[in-house]
Structure formats: structure tokens, C-alpha cells
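In this text, all values refer to a predicted model and were calculated from it rather than measured experimentally.
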Amino acid sequence: MRNLNFTTEQVAKEFSNVLKTWLSVEEMAVVVELTKKETDPTICHTGDYCDSNMVMHAAMVNLGVLAEDDETDFDEPFMKLFNDSWDVAKKNLFYVEAPTTTEEVVAYLKAKYDSVSFSTMSKVEASVEDEEAAEILIFIDSNDMNIVNPLFSSCGRFEVEPEQYGINKEDAILINNHNKVSM
């Protein structure tokens with residue numbers, strides 16, 4: 001017997017939670033970026049990395065919507081909950097929070113900017129003595145230079161538009177807020 005007494009948001013959140021355990025941080029970052037750019041509402045990029053129908057099935061089993069071994073035909077109310085929940089998850093970008101860890105920020109940046117090279121290095125390796133700086137710094141690799149703050153020139157003396165490094169201002173601020181290197 002199916003229990004359809006769940007909201008689409010509850011199912012969407014559980015679908016997103018299961019999806020985050022099936023995909024890597026990098027894959028989730030790509031899915032979110034592709035979803036942001038997708039203009040066809042029938043396309044979901046989670047299927048690029050897994051059988052997302054099985055993810056939804058697992059989410060519904062977790063919630064008690066379905067029994068694990070339920071193989072009966074899916075009726076209209078069930079399919080409405082299934083499809084509407086999927087749409088809510090997509091609309092909310094699978095409830096992926098803004099990236100905060102070094103791994104998440106780098107994955108997000110690499111997914112968004114395929115023509116920009118990003119790298120990481122410990123602040124010790126980078127000879128950064130700023131106590132407030134992150135232990136692992138994110139750099140933009142530009143013209144054989146490691147740019148630690150894309151709001152400034154490579155020498156760190158002049159404010160610049162981050163577009164010269166191939167990224168937008170919002171993401172330059174994200175890198176700067178992560179690195180916490182004073183200029």
C-alpha cells in the first residue's frame with residue numbers, strides 16, 4: 001500500500017538528500033550549474049550521472065511512500081507526486097547550499113567556468129603569513145600567475161574587474177571570502 005500523505009516539498013527534499021549521497025560534490029556542482037542554464041523544463045541533468053528514477057524511488061522508500069519491493073503499476077496520484085516533487089527539487093536546485101568548503105567552492109567554480117583554471121595550495125606552500133587566511137587557498141591560474149584575490153591585479157596593488165580573469169564579480173567575492181587574504 002502506498003502512502004501519499006507527503007508534500008511535494010518533503011519528497012523533493014528527500015530526493016535531493018539521496019541524490020547528494022549518490023553523486024560527488026563535483027557532480028552535484030555540475031548538475032546545479034546545468035540546471036541553472038537549462039531552458040527545457042523536461043530535462044533534468046541528474047540523469048547525466050545516475051539513474052535518477054532510482055534516486056526518486058529510494059527517496060520514496062525512505063519516506064514510506066513506497067515499500068522497497070513495490071512493483072505495482074504507478075497510478076495517477078502517485079505519478080503526480082513523483083513528477084511534481086522532481087520539479088520542486090529542480091526549481092530549488094536540489095537544495096544545494098552555497099558552497100562553503102574548499103572542495104565545494106572549487107567544484108562549483110570548475111563546473112561554472114570550464115575555460116578557467118583553478119588550483120589549491122596550502123597557505124604555507126603559498127608563503128601567505130596572514131593568520132586570518134584559509135589553510136587551503138583557492139587560486140585562479142592566469143598567465144603563469146596564481147591569483148589569490150581576483151578583485152586585485154596579480155601584484156595585489158590595483159583593484160581590477162574580475163572578468164579579466166574570466167569570472168564574474170560574485171564569484172570573485174566568493175573566492176576572496178574563502179581565502180580571507182588581506183591585500
Considering only residues two or more places apart or on different chains, which pairs with a residue in residues 38-63 satisfy salt bridge (Lys or Arg N to Asp or Glu O under 4.0 Å)? none
May I ask you to check whether Asp141 and Tyr165 show a side-chain donor-acceptor distance below 3.5 Å? no
Go through the steps for Glu9 and Lys13 under the test salt bridge (charged side-chain N to carboxylate O under 4.0 Å, His left out), then give the verdict. CA-CA 6 Å; Glu9 186 164 326; Lys13 285 182 177 179; 3.1 Å; yes
Do the side chain of Asn83 and the main chain of Met79 share a donor and acceptor less than 3.5 angstrom apart? yes
Short question: side chain of Ser142, backbone of Met145 - any donor-acceptor pair under 3.5 Å? no
Interatomic spacing from CZ in Phe78 to CE in Met60 - rounded to 0.5 Å: 4.5 Å
Straight-line distance of Leu137 CG to Glu135 CD, nearest 0.5 Å: 8.5 Å
Side-chain contact test, heavy atoms from C-beta onward, threshold under 4.5 Å: evaluate it for Leu19 versus Cys50 and give yes or no. yes
Would you name the heavy atoms of Ser85 and Met56 that are closest together and state the gap between them? CB-CE, 4.1 Å
Given side chain to side chain contact (heavy atoms under 4.5 Å, CB included), test Glu26 with Glu103 step by step and report yes or no. CA-CA 8 Å; Glu26 293 83 4; Glu103 178 185 45; 3.9 Å; yes
What distance separates Lys20 NZ from Glu27 CD, expressed to the nearest 0.5 Å? 14.5 Å
Please evaluate residues Leu93 and Lys36 with respect to the criterion side chain to side chain contact (heavy atoms under 4.5 Å, CB included), reporting the C-alpha separation (whole Å), side-chain torsions for both, the decisive distance (0.1 Å), and the verdict. CA-CA 8 Å; Leu93 300 174; Lys36 286 179 183 176; 3.7 Å; yes
Same cluster for Met54 and Val65 if Ile/Leu/Val/Met/Phe/Trp/Tyr side chains link at under 4.5 Å? yes
According to a 4.5 Å side-chain heavy-atom criterion applied to Ile, Leu, Val, Met, Phe, Trp and Tyr, with indirect links allowed, do Tyr108 and Val25 form part of one hydrophobic cluster? no
Rounded to the nearest 0.5 Å, the CD atom of Glu163 sits from the CG atom of Asp171 at a distance of 10.0 Å
Rounded at 0.5 Å granularity, tell me how far NZ in Lys112 sits from CZ in Phe118. 9.5 Å
Tell me whether Val181 shares a hydrophobic cluster with Val106, the cluster being built from Ile, Leu, Val, Met, Phe, Trp, Tyr side chains joined at under 4.5 Å. no
Contact summary for Val160 and Pro150, nearest pair of heavy atoms: CG2-O, 3.9 Å
Could you give the distance from CG (Leu109) to CG (Asp114), rounded to the nearest 0.5 Å? 12.5 Å
Judged by atom type as modelled, is there a donor-acceptor pair below 3.5 Å linking the side chain of Lys90 to the main-chain atoms of Pro41? yes
Given the options Trp22, Phe6, Phe82, Trp86, Phe15 meets ring pair (Phe, Tyr, Trp, His ring centres under 6.0 Å) only with Trp86
Please assess Ser16 against Asn92 for the test side chain to side chain contact (heavy atoms under 4.5 Å, CB included), listing each intermediate value before the final yes or no. CA-CA 10 Å; Ser16 299; Asn92 287 286; over 6 Å; no
Between Pro162 and Leu151, is there a side-chain heavy-atom distance shorter than 4.5 Å? yes
Do the non-hydrogen side-chain atoms of Ile136 and Met121 ever get within less than 4.5 Å of each other? no
Answer yes or no: is there a side-chain heavy-atom contact under 4.5 Å between Met28 and Glu104? no
At their closest point, which heavy atom of Ile175 faces which heavy atom of Val148, and how far apart are they? CG2-O, 3.9 Å
Sub-4.5 Å side-chain heavy-atom contact between Thr102 and His178: yes
Give the cluster check for Val18 versus Tyr95: same hydrophobic cluster or not, with ILVMFWY residues linked at side-chain heavy-atom distances below 4.5 Å. no
Side-chain heavy atoms of Leu81 within contact of Val11, under 4.5 Å: yes
Less than 4.5 Å apart, side chain to side chain, heavy atoms only: is that true for Ser117 and Ile140? no
Could you check whether any side-chain N or O of Asn3 sits under 3.5 Å from a backbone N or O of Asn5, counting only pairs where one atom can act as donor and the other as acceptor? yes
Minimal heavy-atom distance between Val31 and Thr35, with the atoms involved, is O-OG1, 2.7 Å
Is there a path from Val105 to Phe139 through hydrophobic residues (I, L, V, M, F, W, Y) whose side chains come within less than 4.5 Å of each other? no
